[in-house]
Amino acid sequence: MDKKTSSNQDVEVRKGPWTMEEDLILINYIANHGEGVWNALARSAGLKRTGKSCRLRWLNYLRPDVRRGNITPEEQMLIMELHSRWGNRWSKIARQLPGRTDNEIKNYWRTRIQKLIRQAEPYSNPKYNSILDDASTSYSCGTNDGPPETYSSIWLDENPEAFQPSSTMPTESIEGFWSVENLWFNE
DNA sequence: AACCATTGCAACCGCAACATC
DNA sequence: AGATGTTGCGGTTGCAATGGT
């Protein structure tokens with residue numbers, strides 16, 4: 001799983017989890033040269049990764065402004081709200097949540113919110129089923145005749161105690177920011 | 001303690017859109 | 001106008017961590 005050889009001409013391409021050394025190389029290179037054409041960047045930096053892989057790693061984990069973990073109740077509400085409006089437009093949703101990435105939101109949706117909705121299913125409210133159908137495939141974008149009741153209202157129905165406005169935001173926001181040290185040693 | 005099932009998440013893949021030549 | 005390369009997006013997979021028995 002660790003190393004593989006790409007099909008084109010003996011160019012060794014690493015796959016799988018990034019190492020700390022690779023992260024540091026990428027961070028340092030971008031710090032010195034800025035973001036550029038990712039394929040060229042990967043070569044110039046001496047990384048045996050595809051440009052695509054470098055871009056993903058940078059955007060999702062290494063960028064200084066990326067917040068990781070601890071999705072707040074406010075953010076969860078917003079995700080539900082926006083998903084009810086836009087469907088699986090993860091990058092669009094992510095732009096409304098500073099520091100959050102489309103990948104994180106997508107994962108969060110699949111692992112947490114879908115589970116939440118499924119748990120609500122036994123109550124056999126038709127709205128849950130329609131939401132699940134839509135969520136598992138995709139919304140037809142641009143239609144603004146969205147559901148009158150949103151996910152957030154459903155979620156609040158199920159978790160009335162969970163949302164306490166403005167209680168947790170400041171500290172968690174700060175904790176969400178990374179450093180190379182806590183990226184690799186404190187998690 | 002050992003095994004199995006489930007969960008959460010990082011990373012990859014395929015595709016479409018866009019840019020450049 | 002077509003070929004080629006790059007970027008961005010959404011879906012999916014693989015695997016480590018965790019929980020349950």
Side-chain angles (χ1 to χ4, degrees), chain A residues 1-9 11-27 29-30 33-45 47-73 75-76 79-80 82-121 131-143 151 155 172 175-180 182-187:
Chain A
M1 151 185 175
D2 208 4
K3 285 184 178 180
K4 280 185 186 166
T5 305
S6 77
S7 56
N8 59 346
Q9 322 223 343
V11 180
E12 193 181 33
V13 176
R14 268 186 60 84
K15 291 187 177 184
W18 278 64
T19 65
M20 183 178 164
E21 286 77 16
E22 288 176 310
D23 280 348
L24 287 172
I25 289 171
L26 184 57
I27 289 167
Y29 189 90
I30 291 175
H33 302 90
E35 297 177 33
V37 178
W38 288 105
N39 281 335
L41 186 153
R43 278 194 303 273
S44 303
L47 289 164
K48 294 181 171 61
R49 296 276 180 171
T50 63
K52 218 172 179 176
S53 178
C54 292
R55 174 184 165 274
L56 194 73
R57 183 67 180 169
W58 174 253
L59 292 179
N60 284 343
Y61 303 98
L62 300 179
R63 263 189 321 162
D65 59 334
V66 166
R67 297 174 61 209
R68 302 172 65 222
N70 289 338
I71 300 261
T72 65
E75 287 176 313
Q76 178 165 2
I79 291 168
M80 289 169 141
L82 294 176
H83 188 274
S84 73
R85 204 181 307 164
W86 294 330
N88 297 356
R89 310 291 298 178
W90 306 117
S91 61
K92 193 172 179 177
I93 293 170
R95 276 181 229 121
Q96 309 304 313
L97 291 120
R100 299 295 184 189
T101 68
D102 56 347
N103 207 33
E104 184 174 21
I105 291 171
K106 178 172 57 182
N107 280 333
Y108 186 75
W109 178 268
R110 291 185 59 83
T111 58
R112 310 284 178 80
I113 299 180
Q114 272 195 344
K115 190 174 79 179
L116 207 64
I117 294 170
R118 275 182 208 287
Q119 282 169 356
E121 250 189 330
I131 287 167
L132 262 184
D133 288 346
D134 288 343
S136 62
T137 56
S138 184
Y139 274 69
S140 58
C141 299
T143 57
Y151 302 141
W155 182 73
E172 290 189 357
E175 283 170 4
F177 288 98
W178 68 278
S179 70
V180 174
N182 62 32
L183 191 66
W184 279 98
F185 299 116
N186 291 346
E187 292 192 354

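Here is the naming used below: chain letters follow the sequence lines, and residue numbers restart at 1 for every chain.
- Checking the phosphate oxygens (OP1, OP2) of B:dC9, no side-chain nitrogen or oxygen of A:Y108 falls inside 4.0 Å.
- Rounded to an integer number of Å, the gap from CZ of A:R57 to C1' of B:dC12 is 14 Å.
- Geometric assessment of A:R49 against the ring of A:W18 yields a positive cation-pi assignment under the 6.0 Å and 45° thresholds.
- Rounded to an integer number of Å, the gap from A:W58 CH2 to B:dA11 P is 15 Å.
- Distance, A:N70 CG to B:dC9 C1': 15 Å, rounded to whole Å.
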Please enumerate all protein N or O atoms sitting under 3.5 Å from an N or O of nucleotides 4-7 of chain C, with distances to 0.1 Å.
unit_1	atom_1	unit_2	atom_2	d
C:dT6	OP2	A:N39	ND2	2.9
C:dT7	OP1	A:G36	O	3.3
C:dT7	OP1	A:W38	N	3.2
C:dT7	OP2	A:W38	N	3.0

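- Taking every side-chain heavy atom of A:N107 into account, C:dT12 is the closest of C:dT12, B:dC12, B:dG8.
- A parallel orientation is assigned to the rings of A:H83 and A:W109, their planes being inclined by less than 30° (bins at 30° and 60°).
- Heavy atoms of A:N103 sit under 4.0 angstrom from at least one base atom.
- Remark: A:S91 is not in phosphate contact with C:dG8, judged by side-chain N or O atoms under 4.0 Å from OP1 or OP2.
- Protein atom CZ of A:R89 is 15 Å distant from nucleotide atom P of C:dG8, rounded to whole Å.
- Taking atom NZ of residue A:K92 and atom P of nucleotide B:dA17, one finds them 16 Å apart after rounding to whole Å.
- The interatomic distance linking A:L62 (CG) with B:dA10 (C1') rounds to 12 Å, in whole Å.
- With hydrogens and angles ignored, no donor-acceptor pair under 3.5 angstrom links the side chain of A:N60 to the base of B:dA10.
- Within the 4.5 Å cutoff, the side chain of A:L59 has no heavy atoms near those of the A:T101 side chain.
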Let me see the working for A:D102 and A:R95 under side chain to side chain contact (heavy atoms under 4.5 Å, CB included), right down to the final yes or no. CA-CA 8 Å; A:D102 56 347; A:R95 276 181 229 121; over 6 Å; no
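- Going from atom CD1 of A:I105 over to atom C1' of C:dG11 covers 16 Å, rounded to whole Å.
- For A:R110, the listed nucleotide lying nearest its side chain is C:dT12; candidates were C:dT12, C:dG10, B:dC9.
- The phosphate of C:dG8 has neither OP1 nor OP2 within less than 4.0 Å of any side-chain N or O from A:W90.
- Electrostatic pairing of A:R100 and A:E75 counts as a salt bridge here, judged by a charged N lying under 4.0 Å from a carboxylate O.
- C:dG10 atom P lies 16 Å from atom CD of A:E104, rounded to whole Å.
- The residue A:S53 sits close only to the backbone: its heavy atoms come under 4.0 Å of sugar-phosphate atoms, none of a base.
- Under a 3.5 Å cut-off, the side chain of A:N39 and the backbone N or O of A:G51 do form a donor-acceptor pair.
- Nucleotide C:dC15 is matched to B:dG8 when pairs are restricted to Watson-Crick or G-U wobble geometry with both distances under 3.5 angstrom.
- A salt bridge links A:R14 with A:E22; the closest basic N to acidic carboxylate O contact falls under 4.0 Å.
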